Amino acid sequence: ARELSDILVANLINLGNLRRYQKRYQDAYDAFAEAASLAHEGSLPRLSTKALVNALWVAVDRKDRTTFERWFAPALTQGRQLDDSHDKAYLLIALGRQAFSMTKNLAGESSKPAWITPAFEALNAALDVAKRIQDRRASSYALGYLGHLYEYTQRLDDALDLTRRAAFIAQQIDAPEILYLWQWQTGRILDAKGDMDGAITSYQNAIADLRTIRHELIKRYSFSGFNENVKPVFFELADLLLRYPGAEKDQARIKHSLTQALETLELLKSAELEDYFQDDCVAELQSRITRLDKPQPQTAVLYPILLEDRTELLLTLAKEIKHFTIPVNRATLTQEIRTLRRQMELRGESYLKPAQKLYDWLVRPMEKELNAHLVNTLVIVPDGPLRTIPLSTLHDGKKFLIERYALATTPGMTLTDPHPIKRENVQVLLSGLTEPVQGFPALPNVGMELSLVDELYPGALLIDDQFTIPLFREEMDTKPYQIVHMATHGQFESDLRNTFLLTFDDKLTMDRLEQLIGLSKFRDTPVELLILSACQTAAGDDRAALGLAGIAVKAGARSVLATLWAISDETAAELIPQFYRNLKNDDPPMSKAQALQQAQLKIIKTPSKFQHPFFWAPYLLIGNWL
């Protein structure tokens, strides 16, 4: 009977954890409460404490002060009364972290409870247990989180001492997954103490350890976990490096700091894509491509960096890096980005106000530099919400940005294969759907789109019931296609499992797309260009847009032409063939970015119902723009 009771309580705890993951919070509470009650009745103190601790995590998620106050004291009392063990140490560590989290959650409330003291109490108790049972890993965690408490309360010397002790133990037991946390914490503390050089070194050590454990991190963290436990390390180092030049007048030192900031951002871009696609395809790609350290003449690369208190712009030109600081914080910028996307899809004229604000913040500060270097192509490495809008629509009051520059976006310069497209003997695989399938509406103008492209670049044509995964695979296996064109519904979402391209018979996931197209990257003639003319990402979904940004990397194509939102296939039937005509033109030869620019300009300048940016703007060239 005791064994059955153990199993029942454990299953209820697992059910509560599942409901928490599903955000069914009341169901999670109910499961944990039942588990705690049954465990108490069955004299199972360890499981009772575990149920209460897990319920407290839900309270932390929800900032539910009432539930937290009801369950924290019993959980701490029970936890301290347990026999010394590995589980006891970690339950006490969890309670200390929860008390600290609630302190931060309620930081703005005048009547907030004093959770800092219970946090210290729980973590010190955990440290005592860890020492008695000689659990060095638990000791490292307890010391490190105690250091975090002292950091929060501004006792920086004590915080630094505890954090360094935690890091020393993590080094001794060869635990880089713990060590990076304390190196990161050391960096924050040293920055607060004014030791910028020491802080930079600590952050760089943390990132070096993160890179060695990237496989484990992919498995460990959800998207929110990545955003909380990995991304800030890179962002805070970039922030620190960008602040550092302001304290120095040595131009060589300033250039070195800016270069280090760029390298840090590039590492972050790789880590973000690895997290989204849940594999290390990005790192593998980086080992095969030739890095484009400096843009070509008349090309500039822009890194907008959205920080909590300001926005930084790094502009790389043929021979130098320029740095601009904009006094607009991430929240304000994000609000205007969301407004622009919403207004664009409403097809009214209200998009102009946010489009002009964003131009003033992101482009106008560097206009003189762009003009001085005769820049005609602007490559943007967008961050977060900037991935969700077409930057072509930014407006200076007279013209759209696309009227001034050919534009491309890339998830990272180290993720871009910098080779011009080969124009001789180009083989094109054309595929698409005109009929309604699998609950998706018909795309009646796809036939015209594919027919017009076929006149320019004759190739294999898979349409409707011919556009199946087996036939597509057969074509890709037998011929070295440089351009793969898919005129079909596509959907990019935060959850990779719900991201797909539609074929007649099935849904083509990103993993399957990689299998079908990815082998070409090992050929002498890889897929130069993947065209997706009817895909969409949800407004405001930064993570879904990250998937779109990284599709070229995942698929093994040098570049992708895709849309941010679904538009009428009638528009595609006009813009896409014009893009191909421009690409085919040899007088003068155009880059892919210029070919797209000219196709969009033709629509802008030709009176028609398609002049509104809703129709021409969502097309993005992602990856290699040459």
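Small disclaimer: the values here were computed from a predicted structure and weren't measured.
- No hydrogens or angles considered: nothing links the side chains of Q185 and Q183 as a donor-acceptor pair under 3.5 Å.
- With contacts defined as side-chain heavy-atom distances shorter than 4.5 Å, the pair L513/I551 qualifies.
- Sorted by first then second residue, the salt bridge (charged side-chain N to carboxylate O under 4.0 Å, His left out) pairs that include residues 32-47, not counting sequence neighbours, are R46-D87.
- N329 is not listed as a side-chain neighbour of T311, based on a closest heavy-atom distance of 4.5 Å or more.
- In this structure, the side chain of D191 does not engage the main chain of G187 through any donor-acceptor pair within 3.5 Å.
- By the salt bridge (charged side-chain N to carboxylate O under 4.0 Å, His left out) test, D64 is found to be paired with no residue, residues two or more places apart in sequence or in another chain being considered.
- Without hydrogens or angle criteria, Q98 side chain to V53 main chain gives a donor-acceptor distance under 3.5 Å.
- Sorted by first and then second residue, the salt bridge (charged side-chain N to carboxylate O under 4.0 Å, His left out) pairs with a member in residues 90-102 form an empty list; sequence neighbours excluded.
- Of all heavy-atom pairs spanning I178 and S140, the tightest one is CG2-OG, 3.6 Å.
- In this structure the side chain of L56 reaches within 4.5 angstrom of the side chain of L95, judged on heavy atoms.
- By the 4.5 Å heavy-atom criterion applied to side chains, M102 and F72 are not counted as neighbours.
- Formation of a donor-acceptor pair under 3.5 Å by the T325 side chain with backbone atoms of E312 is not found in this model.
- Side-chain contact, D511 with Q515: no donor N or O sits under 3.5 Å from an acceptor N or O.
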Legend entry - Residue pair L546, R387: steps toward the side-chain contact (heavy atoms from CB on, under 4.5 Å) verdict: CA-CA 7 Å; L546 176 64; R387 298 187 183 105; 3.6 Å; yes
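- Nearest heavy atom pair, residue T264 against residue A238, reads CG2-N, 4.2 Å.
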Legend entry - Intermediate values then yes/no, side-chain contact (heavy atoms from CB on, under 4.5 Å), R543 and D275: CA-CA 10 Å; R543 183 165 169 81; D275 174 65; 3.1 Å; yes
Check residues 194-203 and write down every donor-acceptor pair under 3.5 Å in which the side-chain atom is one partner and the other belongs to a residue at least two apart or another chain.
residue	atom	partner	partner atom	Å
D195	OD1	G198	N	2.9
D197	OD1	Y244	OH	2.8
D197	OD2	Y244	OH	3.4
T201	OG1	D197	O	3.1
S202	OG	G198	O	3.1
Y203	OH	E236	OE1	2.6

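- Using a distance-only test at 3.5 Å, with no hydrogens or angles considered, a donor-acceptor pair links the side chain of T153 to the main chain of L149.
- Residues V381 and P411 fail the side-chain proximity criterion, which asks for heavy atoms closer than 4.5 Å.
- Of the inter-residue distances, the one linking L123 atom CG with L162 atom CG reads 10.5 Å to the nearest 0.5 angstrom.
- The pair D135-R137 fails the salt-bridge criterion, with no side-chain N (NZ, NE, NH1 or NH2) lying under 4.0 Å from an Asp/Glu carboxylate O.
- Each of D209, I213, T212 was checked for a side chain to side chain contact (heavy atoms under 4.5 Å, CB included) with L179, and the lone residue meeting it is D209.
- You'll find the side chain of W182 reaches within 4.5 Å of the side chain of Y145, heavy atoms only.
- Remark: D128 pairs with no residue by the salt bridge (charged side-chain N to carboxylate O under 4.0 Å, His left out) rule, at least two apart or across chains.
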Inset, instruction - Go through L358 and I389 one step at a time and tell me if the side-chain contact (heavy atoms from CB on, under 4.5 Å) criterion holds. - result: CA-CA 11 Å; L358 290 170; I389 58 167; 4.0 Å; yes
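- In this structure, F492 has its ring center no closer than 6.0 Å to that of W565.
- In terms of the side chain to side chain donor-acceptor pair (under 3.5 Å) criterion, R164 has no residue partners (sequence neighbours excluded).
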Legend entry - Check against side-chain contact (heavy atoms from CB on, under 4.5 Å), R65 and L106: CA-CA 8 Å; R65 174 178 171 174; L106 304 173; 3.9 Å; yes
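- For F234, there are no ring-ring contact (aromatic ring centres under 6.0 Å, His included) partners at least two apart in sequence or on another chain.
- E121 has a carboxylate O that lies under 4.0 Å from a charged side-chain N of R80, or vice versa, which qualifies the two as a salt bridge.
- Residues meeting the salt bridge (charged side-chain N to carboxylate O under 4.0 Å, His left out) test with D83, sequence neighbours left out: none.
- In this structure, the side chain to side chain donor-acceptor pair (under 3.5 Å) partners of E345, at least two apart in sequence or on a different chain, are R341.
- With a 4.5 Å cut-off on side-chain heavy atoms, S257 and L242 do not count as touching.
- Contact check for L333 versus L362: side-chain heavy atoms found under the 4.5 Å cut-off.
- Looking only at atom types and distance, the side chain of E266 has a donor-acceptor partner in the side chain of T414 under 3.5 Å away.
- If you check the side chains of T499 and Y276, you find a donor sitting under 3.5 Å from an acceptor.
- Of all heavy-atom pairs spanning R512 and L508, the tightest one is CB-CD1, 3.7 Å.
- For the residue pair T416/T410, the side-chain donor-acceptor check at 3.5 Å is satisfied.
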Legend entry - Intermediate values then yes/no, salt bridge (Lys or Arg N to Asp or Glu O under 4.0 Å), D542 and R338: CA-CA 11 Å; D542 302 353; R338 303 287 190 240; 3.0 Å; yes
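- Within 6.0 Å of CD on E308 lie no more than 12 heavy atoms contributed by other residues, nucleotides or ligands.
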Contacts under 3.5 angstrom, residues 8-20 side chains, donor-acceptor by atom type, not counting sequence neighbours:
residue	atom	partner	partner atom	Å
N11	ND2	I7	O	3.4
N14	ND2	A10	O	3.4
N17	OD1	N54	ND2	3.0
N17	ND2	I13	O	3.4
R19	NH1	Q22	OE1	2.8
R20	NE	D61	OD2	2.6
R20	NH2	D61	OD1	3.3
R20	NH2	D61	OD2	3.2

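- The pair E274-K269 does not meet the salt-bridge criterion, since no charged nitrogen lies less than 4.0 angstrom from a carboxylate oxygen.
- Aromatic pair Y152/H148: ring centres not closer than 6.0 Å.
- Of the charged side-chain nitrogens involved, at least one lies within less than 4.0 Å of a carboxylate oxygen, so that R310 and D239 count as a salt-bridged pair.
- By the side chain to side chain donor-acceptor pair (under 3.5 Å) test, Q78 is found to be paired with S48, T49, residues two or more places apart in sequence or in another chain being considered.
- Taking the ring axis of F235 as reference, the NZ or CZ atom of K231 stays within 45° of it and closer than 6.0 Å to the ring centre.
- Residues forming a salt bridge (charged side-chain N to carboxylate O under 4.0 Å, His left out) with K50 (at least two apart in sequence, or on another chain): none.
- Ring planes of H86 and Y90: tilted class, angle from 30 to 60°.
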Inset, instruction - I would like to know whether W115 and S101 meet side chain to side chain donor-acceptor pair (under 3.5 Å); could you show each step before the answer? - result: CA-CA 9 Å; W115 294 114; S101 295; over 6 Å; no
